[in-house]
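Contents: one structure, followed by commentary.
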2 protein chains.
Amino acid sequence: MAKRRTRKTSDRGTRERLFAAAATEFATRGFAGASVDRIADAARVNKAMLYYHFRSKAGLYGEILRDMFGSVAARLDEATPRDADPATRVRVLVETIAHAAEARPHFPPIWLREIAEGGTHIDKDTLAVVGRILGHTVVTVEEGVRTGRFKPANPFLVQLGIVGPLLMFFATVSVRRKMPGPMAQAMALTTEQVIDHVQRVTQLALEGRPS
Amino acid sequence: MAKRRTRKTSDRGTRERLFAAAATEFATRGFAGASVDRIADAARVNKAMLYYHFRSKAGLYGEILRDMFGSVAARLDEATPRDADPATRVRVLVETIAHAAEARPHFPPIWLREIAEGGTHIDKDTLAVVGRILGHTVVTVEEGVRTGRFKPANPFLVQLGIVGPLLMFFATVSVRRKMPGPMAQAMALTTEQVIDHVQRVTQLALEGRPS
DNA sequence: GTCTATAAATAGATAGAC
DNA sequence: GTCTATCTATTTATAGAC
């Protein structure tokens, strides 16, 4: 996000390149599968610099997690409309998460892996940020219920309904492109289509069925 | 599922224990993070036996994948009601996938990881099985559209809406149990609640909104 | 089928010169 | 800030005795 420590000469680029290379390496191979050597090579930086800037492999990974979740939380804080009707808030919620996921291609795979691993690498501070993200859904649901527009619903379940499909969609973007056969184009979807669908489904789920 | 090769003495148990130990190891650590030594130790079996029975770490993992996806496909083949109305078919679809995921605790984490990794470890045969699973959703949607009960929808998107929330729910079961704070019980959900919710949401999405 | 011993490669991390 | 060289631990996998 910003510069971290005093730099005597041209630090510019080195740290950022390591960060970027690590993001893709962690996304494609996972934390355990990622190699510090490969990260350094991809960044065209000496391996020792990785330890100089990030202390350890885990330290580097932790910063990527903080950046990821911090970005979503910040976007939500900023985008959430004050005094808007619940339906709009749901739309903004879905849209914001989707755009945050799309802005960082490493985001969906890493998030999926963290879920699979039970958040092993998520420290207390980062966990608080994750809580803030969920909090947006909580207040959106509560607001809707309070104004009588939504039926009571479990916010975590609502969150699963939003995040689950979105993450799986974005995480499979690259795979679906190189998929052969007739099913290939059945799985071809645009970001807008997916956002639309999740928005619609979430609203329907919250409004309750007429019958 | 059944015995594989000739056994001269008491093979019974060894192979199965390796399989079971590997399933949990792969689920908690991922393919790269899993250790052959740890698997053998957990199974209380000599490490060399792992190579005797499964040829390699990848071979063992491949069998677990085949078993996982094969189980879902088989359950779907069996459970899908012939000549039932589309709404029922959707309910069975969701229910069957959920129960398959619940029956194998290693299933949701491993599936999530495979998605994150772009199916790197999935061979051609296993991919065909995955296709068969998606096929059930495809025909369910088509059937509903043909009989005028559903509006046209992208089957892959429908699948994302079912599998995404279910996998994330089951994969986070153990984590949510040991979570502190007030959010803990907000995230406490039963399998039935989740199945109900996903069934309802999927139907609403397919039926289209009345307005 | 089961075990011991070991090969061979790769991992993360650090010391120390510049 | 940057680099070389290297230490140590761990990894998957196999050879070969029983």
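Chain letters run A, B, ... following the sequence lines, proteins first and then strands; every chain starts at 1.
Atom-to-atom, CE of M49(B) to P of dA5(C) comes out at 18 Å; the value is rounded to the nearest Å. dT10(D) atom C1' lies 13 Å from atom CZ of R29(B), rounded to whole Å. Here the C1' atom of nucleotide dA13(D) and the OH atom of Y52(B) are 17 Å apart, to the nearest Å. To the nearest angstrom, P of dT10(D) lies 13 Å from CG of D41(B).
Side chain of K57(A) to main chain of F31(A): a donor-acceptor pair is present (N/O by atom type, distance under 3.5 Å, no hydrogens or angles). A donor-acceptor pair under 3.5 Å links the side-chain atoms of T96(B) to the main chain of V92(B), judged by distance alone. A distance-only check finds no donor-acceptor pair linking the side chain of R66(B) to the backbone of T126(B) [under 3.5 Å].
Other residues, nucleotides and ligands contribute over 12 non-hydrogen atoms within 6.0 Å of the CZ atom of R89(A).
Contact annotation: the side chain of Q203(B) approaches that of R91(B) to within less than 4.5 Å [non-hydrogen atoms, C-beta and beyond].
Between the CZ atom of F169(B) and the OG1 atom of T172(B) there is a distance of 7.0 Å, given to the nearest 0.5 Å.
Relative orientation of the H121(A) and Y61(A) rings is perpendicular, given thresholds of 30° and 60° on the angle between their planes. Taking the six-membered ring for Trp and thresholds of 30 and 60 degrees, F19(B) and F54(B) have ring planes inclined between 30 and 60 degrees apart.
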Protein-nucleotides 15-18 of chain C N/O pairs closer than 3.5 Å?
none

Could you pull out the protein-nucleic contacts involving nucleotides 9-13 of chain C (nitrogen or oxygen on both sides, under 3.5 Å)?
{"residue": "dG12(C)", "atom": "OP1", "partner": "A34(A)", "partner atom": "O", "Å": "2.9"}
{"residue": "dG12(C)", "atom": "OP1", "partner": "K57(A)", "partner atom": "NZ", "Å": "2.8"}
{"residue": "dG12(C)", "atom": "OP2", "partner": "V36(A)", "partner atom": "N", "Å": "2.9"}
{"residue": "dA13(C)", "atom": "OP2", "partner": "Y51(A)", "partner atom": "OH", "Å": "3.3"}
{"residue": "dA13(C)", "atom": "OP2", "partner": "K57(A)", "partner atom": "N", "Å": "3.0"}
{"residue": "dA13(C)", "atom": "N6", "partner": "K47(A)", "partner atom": "NZ", "Å": "2.4"}

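Between V90(B) and the choices L206(B), T137(B), V141(B), the side-chain contact (heavy atoms from CB on, under 4.5 Å) rule is met once, by L206(B).
DNA chain C contains the following stems of three or more consecutive Watson-Crick or G-U pairs, with both distances under 3.5 Å: C:1-10 with D:9-18, C:12-18 with D:1-7.
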Any chance you could lay out the salt bridge (Lys or Arg N to Asp or Glu O under 4.0 Å) test for R55(A) and E63(A), step after step, and finish with the verdict? CA-CA 11 Å; R55(A) 208 190 83 256; E63(A) 286 220 15; over 6 Å; no
